[in-house]
Amino acid sequence: MLHPLHTPFFAVFRTEVLLYSKRVAPYVMALLCGGNALLWWGWGPATGRGLATNSEAFISGVLPVFSFMTPPLFTAVIMADSVIRDFRAEIDSLIFSKPVGRATYLLGKFFGSFFVLSCGLAAFVITLFVLQWFSRRGVVQQEVKFVPYVKHFLVFVVISHLVLAAIYFAAGTLTRNAKLVYALGVCFYPVYISYQIFFVKGLPLRWQRTLDPLLMTWAKKSGDVHTLSAEAFNNLVITYDAELIINRTIMLLIAAGILTLVYRRFIIGERPQKIHFSFLNLSTAGERISFEPDNWLEQDHELPRAPVALPDVTTVSRGVRASFRKLAAALAIEFRLLLSERSLVVIIPFAVLLATMEVIFWNVRPDGSYSAAYVTNITGNSLLFMIGISIFYIGEALQRDRDLRIEPLLWSQPIPNFVLLFSKFLATLLVVCALLISVGLIGVLAQTLKGNGPVELTIYLRVYFWIVLPNAIFLTATATFLKVLLRDRYLTYIAAIGIGGGLFYLYGQGYNGWLYNPLLFRLWEYKDLEGDNLSRIAQHRVYVLLIAHVLLALTHLLYQRRSTGTTKL
């Protein structure tokens, strides 16, 4: 009898897990889930109210809410290209030349990816479990528990995301289009909210709990912090009733049905494509570059097929005008590559949604002007995404050429260093500005539709000019400097996150002086842009832009371009 660990299914399963273990995305997902648990434990609704954070009611109440927040996006990222990867890497014929059937291959791929996803999401309950041995003012805890964490995680999170994983896996496997899966991940939120409001809400409560795929309605039944006393809440024993069992059974049957459909519709074979995968295993545009004698750059179907001529970037001519022509050509290439990043399909819409969610779904209290309140709100909410996009995309842009092993080829061309560096800097800055413009337009649209007029565009422009745009320039320049200084993208990410986290911690402790707070975090209000404080803010903005200029100059100075035997301009 064949040992279970030596079967073809386990071979496919193990290979999938090993592939994901070498990527950063699962670890980032686990880190974010653990941080989310830390916030729920120390700063959640139980803090200061006598509610035990390790009681069954708290665990079962928080898991459905957690399941709705970011895990749907994580599910899309992990499940999107499990099968696509093999076909684009052109190893599908090798795989199916082995004694591996379609069912074995598909199930091994699906459950291998889903196992990685479950381990990442489990960081949430693992963090809550570990925090039982720690204490904090306002946090109440009972005796140490273990079983409720495992039981409720499997029922409230794993089964819910099993169906989502099956949907995303089916979309990616049958269409061979990872972008479609990422778009589905972003669309989950409006679809789920609309489903709850327009279909489930009007049904009897029993049907609401039975038909809620994330069990958020059922969780209210077991542990509502607003209707139970602290003692009753802490002693509440959670039992699974018929409604929940039927709900979970339906979810399992739906997942099995989707996987059966994938098996029946799966076709072996696809037009050959060549692909490499980058840091987050999301982006492909930068890797789809082939250098031919007549072409400097040629992309696959996701980019225009027209080649970009080499002389546009490398024509040997001197002078300011010629240098700027080279910069413009390189910038066009870098910007097209960044726009073709598959990760943008997820990150930009998700960032816009979170940055504008507060002004869309909640009432905005005006401080003299609705427009000032709206733009101040969205500016503060988009700050974190500005930092993340500038750090990660400049890191990928500067690392792309080295990963593709075309750096010596680029260095052998008569291209000035500032063209190679500043084209990537400006392209990343344009992506950040595209995010900010989208957020601003959504803010204006939300204000108009909610009838909070008048919409004063000059207020939006004033905030963007004095606050947002200088911050974007400074963040992108700083990220570029760190990457060139440290030369390793992972070290750059760690250093940037460490520096940013340390500064924001100091700001939270009251150490937020103007000289070491370049983003003016919590140091400005809109009225400061109209009164006597405007001159002070203007001086600070000049100070920040000067720092950005110095950082870019140091970046150019520290940029290592090894000698290739040609004269470097």
Side-chain angles (χ1 to χ4, degrees), residues 22-36 38 123 278-283 286 334 338 341 343 347 351 382-403 407 417-418 420-429 431-432 435 470-509 511-522 543-562:
K22 299 180 183 298
R23 300 176 187 169
V24 178
Y27 302 103
V28 173
M29 174 181 66
L31 181 63
L32 292 175
C33 292
N36 196 348
L38 180 63
S278 67
F279 162 62
L280 289 177
N281 199 38
L282 294 176
S283 59
E334 290 293 337
L338 282 178
E341 293 278 359
S343 57
I347 293 176
S382 61
L383 180 60
L384 180 62
F385 298 102
M386 290 172 55
I387 297 173
I389 289 175
S390 61
I391 291 172
F392 287 104
Y393 280 103
I394 197 64
E396 290 302 305
L398 288 169
Q399 191 73 21
R400 182 193 307 123
D401 300 335
R402 182 170 300 176
D403 289 344
E407 206 171 41
N417 282 349
F418 84 89
L420 297 176
L421 281 173
F422 295 160
S423 60
K424 301 177 186 297
F425 163 77
L426 292 174
T428 306
L429 180 61
V431 171
V432 175
L435 165 69
N471 286 351
I473 295 173
F474 174 80
L475 288 171
T476 310
T478 304
T480 307
F481 171 73
L482 284 176
K483 174 60 177 70
V484 172
L485 176 66
L486 300 176
R487 301 194 182 100
D488 183 87
R489 58 180 166 189
Y490 302 117
L491 185 59
T492 301
Y493 300 148
I494 294 173
I497 293 173
I499 294 172
L503 287 176
F504 281 109
Y505 174 78
L506 292 176
Y507 300 155
Q509 299 299 314
Y511 303 99
N512 55 352
W514 286 57
L515 290 178
Y516 48 87
N517 192 343
L519 304 181
L520 285 178
F521 181 68
R522 295 180 179 176
Y543 162 73
V544 167
L545 292 177
L546 285 175
I547 294 178
H549 181 78
V550 171
L551 291 176
L552 290 176
L554 291 174
T555 301
H556 187 268
L557 181 65
L558 296 173
Y559 181 63
Q560 275 196 335
R561 183 173 178 178
R562 298 184 184 91

In Å, rounded to the nearest 0.5 Å, how long is the span from [atom1] of [X] to [atom2] of [Y]?
| X | Y | atom1 | atom2 | answer |
| --- | --- | --- | --- | --- |
| I497 | L31 | CD1 | CG | 7.5 Å |
| F504 | N517 | CZ | CG | 8.0 Å |
| L520 | L383 | CG | CG | 10.5 Å |
| L398 | R487 | CG | CZ | 12.5 Å |
| L429 | K424 | CG | NZ | 15.5 Å |
| T555 | N417 | OG1 | CG | 11.5 Å |

Does any non-hydrogen side-chain atom of [Y] lie less than 4.5 Å from one of [X]?
| X | Y | value |
| --- | --- | --- |
| Y559 | L420 | yes |
| I499 | L503 | yes |
| L421 | V484 | yes |

So which heavy atom on [X] is nearest to which on [Y], and how close?
| X | Y | answer |
| --- | --- | --- |
| C33 | A123 | CB-CB, 4.2 Å |
| T480 | T476 | OG1-O, 2.7 Å |
| A479 | T492 | O-CG2, 4.5 Å |
| N471 | P518 | OD1-O, 3.6 Å |
| Y507 | F521 | CD1-CD2, 3.7 Å |
| E334 | A397 | OE1-CB, 4.4 Å |

Margin query: Going by the rule ring-ring contact (aromatic ring centres under 6.0 Å, His included), which residues pair with F385 if we only count those two or more places apart in sequence or in a different chain?
Written below: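 For F385 there are no ring-ring contact (aromatic ring centres under 6.0 Å, His included) partners, ignoring immediate neighbours.
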
Item checked: Contacts of Y543 that satisfy ring-ring contact (aromatic ring centres under 6.0 Å, His included) - sequence neighbours left out ->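 Here the qualifying residues are H540.
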
Notebook entry, point to check: Could you walk me through whether I547 and L551 pass the side chain to side chain contact (heavy atoms under 4.5 Å, CB included) check?
Noted result: CA-CA 6 Å; I547 294 178; L551 291 176; 4.1 Å; yes

Next item on the list: Classify the ring geometry between F418 and F422 as parallel (under 30°), tilted (30 to 60°) or perpendicular (over 60°).
Entry: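 Correct class here is tilted.
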
Below 3.5 Å, can you tabulate the donor-acceptor pairs from side chains in residues 387-394 to any protein atom, sequence neighbours excluded?
{"from": "S390", "atom 1": "OG", "to": "M386", "atom 2": "O", "distance (Å)": "2.9"}
{"from": "S390", "atom 1": "OG", "to": "I387", "atom 2": "O", "distance (Å)": "2.9"}
{"from": "Y393", "atom 1": "OH", "to": "S343", "atom 2": "OG", "distance (Å)": "2.5"}

Next item on the list: Check step by step if side chain to side chain contact (heavy atoms under 4.5 Å, CB included) holds for L519 and L475.
Entry: CA-CA 9 Å; L519 304 181; L475 288 171; 4.0 Å; yes

